[in-house]
Structure formats: C-alpha cells, structure tokens
There are 2 protein chains.
Amino acid sequence: MAEPVDSEGSPSPPAAGPAARRVRRVSMADVARLAGVSSQTVSRVSNGHPTVVEATRLQVLAAMKELGYRPNSAARALKSGEFRTLGVILFTLSTTGNVRTLEAIASSAAHEGYAVTLLPVAAPTQDEVRGAFTRLGELAVDAFIVIMEVHLLDTATVSLPPGVQVVVADSDAGDRYSVVDTDQAGGTREAVRHLLDLGHRTVWHLAGPKESFAAQRRADAWRATLTEAGRESPPPVRGDWSAESGYRAGLRLADEPGCTAVFTANDQMALGLLHALHEKGRAVPEDISVVGFDDIPEAASFIPPLTTIHQDFAQVGRLLVEGVLRQLRTDAPERGTTLVPTRLVIRSTTAPPNTGS
Amino acid sequence: MAEPVDSEGSPSPPAAGPAARRVRRVSMADVARLAGVSSQTVSRVSNGHPTVVEATRLQVLAAMKELGYRPNSAARALKSGEFRTLGVILFTLSTTGNVRTLEAIASSAAHEGYAVTLLPVAAPTQDEVRGAFTRLGELAVDAFIVIMEVHLLDTATVSLPPGVQVVVADSDAGDRYSVVDTDQAGGTREAVRHLLDLGHRTVWHLAGPKESFAAQRRADAWRATLTEAGRESPPPVRGDWSAESGYRAGLRLADEPGCTAVFTANDQMALGLLHALHEKGRAVPEDISVVGFDDIPEAASFIPPLTTIHQDFAQVGRLLVEGVLRQLRTDAPERGTTLVPTRLVIRSTTAPPNTGS
DNA sequence: TTATGCGATGTTTACGCAAACATCGGTGTC
DNA sequence: GACACCGATGTTTGCGTAAACATCGCATAA
C-alpha cells in the first residue's frame with residue numbers, strides 16, 4: 001500500500017500531558033491591562049456597545065490585535081446562557097434527503113447567527129439513540145433538530161432532555177413534537193395519478209425500508225391512491241434506498257407480466273431499476289414507465305432522464321430552523337406537522353402503456 | 001448633528017431580545033440541596049469520581065433525576081478549557097467527497113468523544129471565508145478541520161486564529177498546514193494507465209472546475225501520465241462536477257473523431273457523459289471507454305456500470321480527526337501531506353478500442 | 001455660582017462547575 | 001492512649017465574561 005508521505009513539521013514538544021498545560025489564553029483582563037482600561041470596557045468594545053468613545057475603542061482594538069485576543073465562548077455562554085448553536089441528530093449522511101436537509105439547516109442557522117453541531121448516530125438502535133441523547137444533554141447546544149424515524153424515541157428509555165426545544169423532521173410525531181416534513185402523501189399521489197392518467201391499469205411500488213417513516217408514508221399513499229381510483233395494488237417490492245437494491249428489485253419486476261408502471265420511493269432505487277430493466281431488455285418508458293421521488297440533481301441525467309417528485313429540502317431545512325428558534329425564543333414547545341409541498345417533474349421515463357403488445 | 005440618541009441609559013437590548021428570560025436551569029447547587037450534600041459531591045457523582053460512597057451516590061442520582069439536572073457545558077468548558085468539539089469549515093455539502101468526508105469525520109470524532117460543529121461557507125469568496133473565520137474564532141470549538149481549496153486562505157486578510165490547531169483536506173498547503181488528501185495523482189495515473197493498457201491511443205479528460213484543487217491535481221496527473229507514455233494530450237473539457245455539465249461535455253466529445261477513451265474527474269459528470277453518449281448513439285464501452293473518479297455507491301448502477309477510481313473517504317476523515325486531535329494534545333502544529341491511496345474498480349465502461357471501424 | 005444631567009468609564013458581582021485544600025471521623029500502630 | 005493516616009465529604013476559590021451598579025467629570029441650566 002502506498003506509504004503515506006509524511007514530511008515532518010515541528011518536533012513534538014517533550015512532555016505534554018493529554019489536556020495538560022493548556023496555554024493560558026488571552027483574556028479580557030490582559031487586553032484591559034495593555035490598553036489601560038477596565039475589562040468592562042474591553043467587553044463593551046467586544047460587543048459593539050455604543051457608549052465607548054472612539055479613541056478608547058481604537059486603543060482597545062489595538063491591544064486586542066496585539067495580544068491576539070479571542071473572546072472565550074465558554075465564559076460568554078456561561079454568562080448569557082446561550083451557545084447560539086443548534087444540535088442536529090441524524091442517523092446517516094448517506095441519504096440525499098438528510099444531506100440536503102442538513103445543508104439547508106446549516107445555512108439557515110448561519111443566517112440567524114447560529115452554528116450547527118452534528119450528532120451522528122451510528123446505528124438506528126435504541127442503545128445508540130439513547131447514547132446520543134445522553135451526550136446531547138451535555139452538549140453545548142441551545143436546542144436541537146432530530147432527523148429520524150421518531151419511533152425510536154418512543155420508548156421510555158429515550159427521552160428528550162426536559163426543557164430543551166426540539167423540532168423533528170421525517171416523522172409522524174406531530175402529536176408530541178413540532179414536525180416539518182415533505183408532503184409524502186401528496187407527492188406520492190401526484191406520482192401515482194400521473195401514471196394512472198397516462199392510462200396504466202395499475203402501478204407497482206418499489207418501496208423503501210420498513211424502518212423508514214417516509215417509506216411507510218409513501219407506500220400507504222400509493223396504496224390509498226390506487227384504492228381511491230378503484231385499482232388493485234400489486235404487492236410492493238421492498239428496497240433499502242440504495243441503487244443496488246433497486247437493481248435487484250428491477251430484475252424481479254422486469255419479469256412481472258402485468259407490470260407497466262412503477263413508482264419508486266426514491267431516485268437512487270429508480271436508477272438501479274432502470275439499470276435492471278435495461279439489462280433485461282425492457283424499454284423505458286415504452287414497456288415500463290418509472291417515477292422516482294426526490295429529484296436529485298443527477299435524475300436529469302439518468303438514461304432515460306427520470307420523471308420524479310421534487311422535494312424542497314431547502315424549505316424543509318429553513319422551516320426546521322425557524323421553528324426551533326421560535327420555540328427557543330418563546331420558550332414554548334409546539335406541536336403539529338408542517339408539510340412542504342412537492343412538485344411532479346416530468347422527464348422521459350413515463351408514457352402511456354404499450355397497449356399493442 | 002441630530003444624533004438620535006435614545007434618552008434612556010441602557011442601550012438597545014431593553015425588551016424581549018432573543019435571549020429574553022431564560023428559565024433558570026437546574027444547577028448542581030439545587031441537586032445538592034435536595035440530596036442534602038454539598039455541590040462538590042454532586043460534581044463528583046456527575047464525573048464518576050470513585051471516592052463517593054454508594055449510598056450517597058444513589059441519593060444524588062435520585063435528586064438529579066427528580067430535578068432533571070443536566071450539567072452545564074459552558075461552565076464545564078470554562079473550567080476545563082475544552083469543549084470537546086471540532087469545527088469543520090467547508091464550502092458545500094453538494095459534492096460527494098465533502099459529504100462522505102464529513103460523515104467520516106463525524107463518526108471518528110464521536111468515537112473519540114468529540115462533537116462536530118459545522119461551519120458552512122456560502123460562497124467561495126474571500127469575504128465569505130473571512131466572515132466564517134471570524135465566527136470560527138468565537139466558536140465553541142477546540143480545533144478545526146478545513147475542507148476547501150486553501151488558496152482562499154492565502155491572503156493576509158484571512159488568517160487562522162493563532163493558537164488554534166487545524167488540519168486541511170483537499171489542499172496543497174502541506175508546507176504550511178497538516179494536510180490529508182486522497183492520492184489524486186496516483187488514482188488518476190491508475191485510471192489513465194488502465195485505458196492506455198487497453199490499447200487506446202490517448203485519453204481525453206473531462207475535468208472539474210478550475211477553482212478546485214482536486215480537479216487541478218487530477219488534470220495535471222492526467223496530462224503527466226500521457227506525457228510519460230509519449231502520448232499527446234487532447235484539450236481537456238471542463239465541467240463543474242455536476243451530471244448536467246458532464247452531459248454538455250458529452251455532447252461535444254461524442255462528435256470528436258479521435259475520442260475513444262475519456263477519463264472523467266468525478267462520477268456524477270461521468271453519468272452525464274454516459275447519458276450524452278447514449279443519446280448520440282455512441283456505444284459504451286464499444287465506441288468510447290469511460291473511467292470516473294470517486295466510486296459513489298450509484299456508480300455500479302449506471303448504464304453501463306461505471307469503471308472508476310475508488311476513494312477512501314472514511315480513511316481521509318479518520319486521519320483528519322486523528323491528526324487534529326494529535327496536534328491538540330501535543331499543542332504542536334504539524335505540516336506535511338498524508339496521502340490516502342485509491343483503488344481502480346473495473347466495471348463495464350472500459351474495453352479495448354474498436355479498431356475495426 | 002451651584003445644581004443637574006448624562007455620557008464615559010470603573011468596580012462589583014454572579015453565572016455553574018471542579019480543582020485545591022480543609023475537615024472530620026474512624027483505624028491501625030507503637 | 002497518642003498519633004499518623006485515610007477515606008468521605010465540605011468549603012473556598014477562580015475560570016472569563018457581562019449585567020448591574022457606582023463614580024467621575026464636564027456641560028448646561030438655574
């Protein structure tokens with residue numbers, strides 16, 4: 001294996017206990033001494049207080065610069081009682097949705113002057129979640145946002161630290177928490193209707209994993225829409241969100257005689273599905289129509305370009321941050337679910353069924 | 001001048017600021033009172049000190065539970081001088097590499113008992129970066145990791161807060177910082193060699209954006225490998241990492257007469273390229289071979305499955321965390337670059353050139 | 001002139017925690 | 001029995017900051 005090239009830097013200093021001798025940081029008092037003012041004046045300059053005369057201000061600023069002063073956020077937080085930081089607890093960064101939502105959260109938070117601390121949970125097990133929440137309790141965070149299937153929060157052993165505001169994404173816990181979510185049902189209905197409107201007799205479903213609330217909702221809405229239209233629901237095929245699982249499912253669906261349309265619970269699985277259908281010689285959309293969910297940027301480049309349901313992750317993230325900050329400011333927990341609408345993006349994987357054959 | 005000075009003494013924060021009336025949190029003293037011990041004993045229980053008799057411990061624990069006590073991390077950090085938090089500054093969560101690296105960082109950090117605070121920079125401009133670093137200086141972090149093109153750190157206006165340890169990814173700043181990076185050159189060489197070995201006369205390159213250090217390195221190594229082999233380098237085509245840009249590039253490359261092999265700087269662009277080639281009726285790999293870079297999970301489901309260079313983001317993330325923690329503990333900044341090896345994953349987009357035609 | 005007001009700055013204090021030191025009973029040793 | 005020792009717990013102190021309150025001096029009003 002390639003040996004890591006490692007050019008050396010400064011020699012490591014002799015003895016240095018783990019967190020031993022932390023160099024004493026420059027404090028307000030040091031700055032004050034150098035500037036010849038009181039530390040309170042330094043504080044005022046530091047916080048942009050208006051009642052500091054310009055000359056003094058400049059002097060303090062100069063002293064700060066000379067000493068390389070950086071305010072100590074621990075002390076500040078201790079005084080003010082807030083960290084200006086939001087915690088985000090999530091399972092994985094491997095799903096598009098989570099990543100995009102996190103991205104939106106981070107940028108909304110930054111806009112409000114808040115930083116975002118990540119609290120990844122290695123595995124969706126009770127133990128892991130409980131551990132994460134224990135750590136959360138000690139984290140330097142004012143409030144937090146949970147992105148996960150909330151049924152894992154349901155047991156008595158895992159409880160949110162009291163007095164900490166929280167907002168949840170991707171969950172059905174609207175009766176206990178404030179939830180923001182994509183309109184899974186609405187999006188699904190659009191997808192299924194689109195296929196039915198094209199003339200397909202029914203629509204098959206490539207579902208996401210059982211543990212996922214979003215997957216569950218999409219599957220339920222798919223069935224409900226078919227039922228409303230008086231159609232039969234074929235047995236859903238289950239994947240795990242990955243393209244690989246979509247491929248496996250596709251190999252099976254390709255051989256289903258009556259299958260002319262598939263609604264796939266996310267775009268990655270749709271990619272795998274397209275791959276399998278292609279391999280099996282089933283033309284899309286001529287033989288089989290496919291609709292995805294998410295509208296990842298790559299969807300437009302699938303072969304053929306994927307018709308899918310667009311999710312507005314940015315909006316979800318924004319609403320999550322707004323919601324949690326509102327709760328934080330009013331100190332009043334909220335409940336209820338806010339749905340963010342979806343949009344059907346028609347590309348090239350859907351067409352009327354090939355009735356000729 | 002008519003200065004609109006408010007007649008009142010106290011400055012702006014008179015009413016209901018964001019941080020209005022924070023409910024006083026339960027402190028050690030409260031727990032101590034209820035448990036009938038001193039606050040120091042509560043502290044000892046809280047930190048698992050061994051010299052507390054079991055009966056006392058249980059009593060304190062009970063009091064903690066009853067009151068819903070949570071240690072105040074600000075006070076703790078103020079005392080101990082460390083937050084046990086790492087800051088990560090990055091431009092975007094929209095590239096696979098950044099996300100996967102971040103994921104690895106977060107999990108490695110968690111493993112070491114550190115949390116990760118995100119510091120997204122909206123745009124790669126000097127102003128934005130400067131702003132981010134200013135905020136960083138006040139952030140509750142012990143050290144940080146920079147994932148970005150470091151030339152933006154080069155101007156005098158942007159300087160890392162002194163005394164804060166830092167490690168950089170995706171950069172060539174090994175002479176000033178500790179850098180961890182994928183072996184871009186090695187991976188590229190593997191890709192180009194693979195194509196040449198198959199018999200292609202030369203290899204075209206679909207490059208990433210100019211601002212990206214990784215893109216630059218890949219382009220340089222591509223050219224160098226061709227030169228070494230005594231081949232001509234066709235003019236590189238530039239994309240922006242997106243599948244869309246790969247598609248546009250593909251439309252052009254499809255019409256290049258001598259083009260039988262393309263090395264694409266990432267998998268997303270390769271996806272777009274495949275799409276364009278398919279549309280133009282150019283068969284892959286019969287007419288044109290394609291090699292990507294990254295090995296995203298979806299690459300195996302492309303049509304056809306993509307031959308690509310696998311990057312070990314997990315390892316990069318791990319090394320970043322290890323490096324920054326080592327610096328933190330020894331209080332000694334390091335320099336030099338550590339390279340993480342890549343691996344060629346051969347799937348179905350490469351084949352010998354179609355010499356018949 | 002003296003009183004008054006107010007702007008600029010200094011002094012005190014408390015935030016919650018944990019290290020350092022102090023105390024207080026009991027045990028073992030001679 | 002006096003003393004040293006030790007384990008369990010209490011008391012004091014200070015981390016860096018910023019609110020609250022105090023002070024000082026100058027300008028304007030009476």
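A, B, ... follow the sequence lines: proteins, then strands. Residue 1 opens every chain.
OP1 or OP2 of C:dA18 sits under 4.0 Å from a side-chain N or O of B:Asn47. Within the 4.0 Å cut-off from OP1 or OP2 of D:dA18, at least one side-chain nitrogen or oxygen of A:Arg76 is found.
Pairs passing the salt bridge (Lys or Arg N to Asp or Glu O under 4.0 Å) check and including a residue from residues 42-57 of chain B, sequence neighbours excluded, read B:Glu54-B:Arg57.
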Sub-3.5 Å pairs of nitrogen or oxygen atoms, protein against nucleotides 22-25 of chain C:
none

Please write out the pairs of protein N or O atoms and N or O atoms of nucleotides 4-9 of chain D separated by less than 3.5 Å, giving the distance to one decimal.
from: D:dT9; atom 1: OP1; to: B:Thr56; atom 2: OG1; distance (Å): 2.5
from: D:dT9; atom 1: OP2; to: B:Val53; atom 2: N; distance (Å): 2.8

Check residues 59-67 of chain A and write down every donor-acceptor pair under 3.5 Å in which the side-chain atom is one partner and the other belongs to a residue at least two apart or another chain.
none

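Taking a cutoff of 4.0 Å between a charged side-chain nitrogen and a carboxylate oxygen, A:Glu334 and A:Arg329 do not qualify as a salt bridge.
Listed by chain and residue number, A:Thr117 satisfy the side chain to side chain donor-acceptor pair (under 3.5 Å) test with B:Thr117 (two or more places apart in sequence, or in another chain).
Summary of helix geometry: the two end axes of the helix from C:dT1-D:dA30 to C:dC30-D:dG1, each defined by five base pairs via their C1' atoms, are inclined to each other by 60° (rounded to 10°).
With hydrogens and angles left out, the side-chain atoms of A:Ser38 and A:Thr41 include a donor and acceptor closer than 3.5 Å.
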Audit row: A:Thr338, A:Val179, side chain to side chain contact (heavy atoms under 4.5 Å, CB included) steps and yes/no: CA-CA 6 Å; A:Thr338 305; A:Val179 171; over 6 Å; no
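For the pair B:Ala75 and B:His49, both in contact range of DNA chain C, the more 5′-proximal nearest nucleotide belongs to B:Ala75.
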